[in-house]
Amino acid sequence: MLPKLRQRLVIVVAMALGATLWLCVSGPLGAPDGMGGLSLTSARIGFWGATLLTAGVGIAAMVLGVIASAMGNPLSGVFAVAGGLCVLSAKGGAIDGWMARVEIPGGYAWLMAEMLVWQMGVAIMVVAIQIYRSPLRTKWPALAFEDHLGVDLHIRMPRLQSAAAGLVCATVGLLISSAMIRTSDVGQVIGSLVIAFGIGGVAAGLIFPKVNPAGVLFGPALAAIVVYAYVVLRFHSEETLLRAWFTGEIYGAALALPIHYVSAGLAGCAMGVGLAQGIEAAKNEVVQE
């Protein structure tokens, strides 16, 4: 069950404008050596400069997402923001360049910290949708033409079902992405994460149909932190990690950078939960008939 045409157009416009904003800052966020592998930890303007720049552009993209959320399902705004960021993550390139310029495997520990920074932005976006979606719909009734299956997102203290839904999404997404990603090619990484966490979002939404979906949006970050921690603990020297890299022993989810998880993974989550909501709505319609 797709949203109506007007909302789909708003989602596409929000995604396109967000992508344009991100592309405008791709230069400063890129690595000095130009080798690709976009990471805040190796940005041309330094970690803190990159974090502040990302926060500024993220706020602008978030405004577009809140507007998209106000027109229907609140997850539509999350999808629009994450989809726009996918363009920057694709332009940023594969993880190979990052691995060539950092000390490994210790660099993966920094990726864990970076993932938390990106996820903090996701949490702020969810809070913004939580705060401003309903007031926007009240102030401008033209926006609120339908809910399209969705209810307001809420960030609360962790509850068992919400945490379990996030864990299901993370587990399914991690297993499928590890099986699908066979090389570091950025197209394969992004496409695999969208599919993997889309399936994870569907699974979480069907197992916990009434739960607040905000917990599911933490699934990609949890999966990333787990796989990065595994690399740090599994490989004790650069030599062993590089040997595993060239022999194909390390592949799958470990070949994705934090920006890949927070863009493609998050977009897949939002899409998957939305699909699960559509399936549940269709089942309810059949029962009522």
Side-chain angles (χ1 to χ4, degrees), residues 1-26 54-92 118-137 140 142-155 169 190-191 193-195 197-198 200-202 205 213-214 216-221 259-278:
M1 185 183 297
L2 294 173
K4 291 185 177 179
L5 178 60
R6 185 168 68 167
Q7 188 184 0
R8 278 181 277 167
L9 289 174
V10 171
I11 293 172
V12 170
V13 170
M15 193 182 304
L17 291 176
T20 302
L21 291 173
W22 287 117
L23 288 177
C24 288
V25 299
S26 60
T54 299
V57 178
I59 290 173
M62 182 179 64
V63 171
L64 298 171
V66 171
I67 294 173
S69 292
M71 296 193 67
N73 194 318
L75 289 170
S76 60
V78 176
F79 177 78
V81 174
L85 186 59
C86 278
V87 176
L88 176 63
S89 67
K91 182 177 175 60
W118 281 108
Q119 190 60 30
M120 188 179 301
V122 174
I124 292 172
M125 175 175 61
V126 173
V127 170
I129 293 174
Q130 172 184 330
I131 293 174
Y132 295 111
R133 179 177 180 264
S134 293
L136 276 176
R137 291 164 66 85
W140 290 296
L143 292 177
F145 66 98
E146 69 164 338
D147 279 330
H148 188 248
L149 310 177
V151 295
D152 286 338
L153 297 172
H154 295 284
I155 292 287
C169 179
I190 290 176
L193 289 177
V194 171
I195 294 172
F197 285 96
V202 171
V216 180
L217 303 181
F218 287 77
I259 191 173
H260 298 143
Y261 281 101
V262 81
S263 58
L266 188 62
C269 274
M271 188 166 52
V273 175
L275 179 58
Q277 291 174 344

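Bear in mind that the values here come from a model prediction, so they are computed numbers and not experimental data.
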Could you grab the distance from atom [atom1] of [X] to atom [atom2] of [Y], nearest 0.5 Å is fine?
{"X": "Ser69", "Y": "Gln130", "atom1": "OG", "atom2": "CD", "answer": "12.0 Å"}
{"X": "Met125", "Y": "Ile59", "atom1": "CE", "atom2": "CD1", "answer": "12.5 Å"}
{"X": "Gln277", "Y": "Leu75", "atom1": "CD", "atom2": "CG", "answer": "5.5 Å"}

Exercise for the section: Would you name the heavy atoms of Lys91 and Ser26 that are closest together and state the gap between them? Expected result: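 Heavy atoms of Lys91 and Ser26 come nearest at CE-OG, 3.3 Å.
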Handout entry: Shortest non-hydrogen contact between Val273 and Val216, atoms and distance
Key =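 The pair with the smallest heavy-atom distance is CG2-CG1, 3.7 Å.
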Problem - Candidate pair Leu64 and Val10, rule side-chain contact (heavy atoms from CB on, under 4.5 Å), full reasoning - result: CA-CA 9 Å; Leu64 298 171; Val10 171; over 6 Å; no
Partners meeting side chain to side chain contact (heavy atoms under 4.5 Å, CB included) with [X] (sequence neighbours left out):
{"X": "Val25", "answer": "Trp22, Leu29, Leu53, Val57"}
{"X": "Ser89", "answer": "Cys86, Ile190, Ile259, His260, Ser263"}
{"X": "Ile124", "answer": "Met62, Met120"}

Could you pull out all donor-acceptor pairs under 3.5 Å where a side-chain atom in residues 76-84 meets a protein atom, sequence neighbours excluded?
from, atom 1, to, atom 2, distance (Å)
Ser76, OG, Gln7, NE2, 3.1
Ser76, OG, Ala68, O, 3.1
Ser76, OG, Asn73, O, 2.5

Handout entry: Side-chain heavy atoms of Leu266 within contact of Tyr261, under 4.5 Å
Key =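 No. Closest side-chain heavy atoms not under 4.5 Å.
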Problem - side-chain contact (heavy atoms from CB on, under 4.5 Å) between Leu85 and Trp118, intermediate numbers included - result: CA-CA 11 Å; Leu85 186 59; Trp118 281 108; 3.9 Å; yes
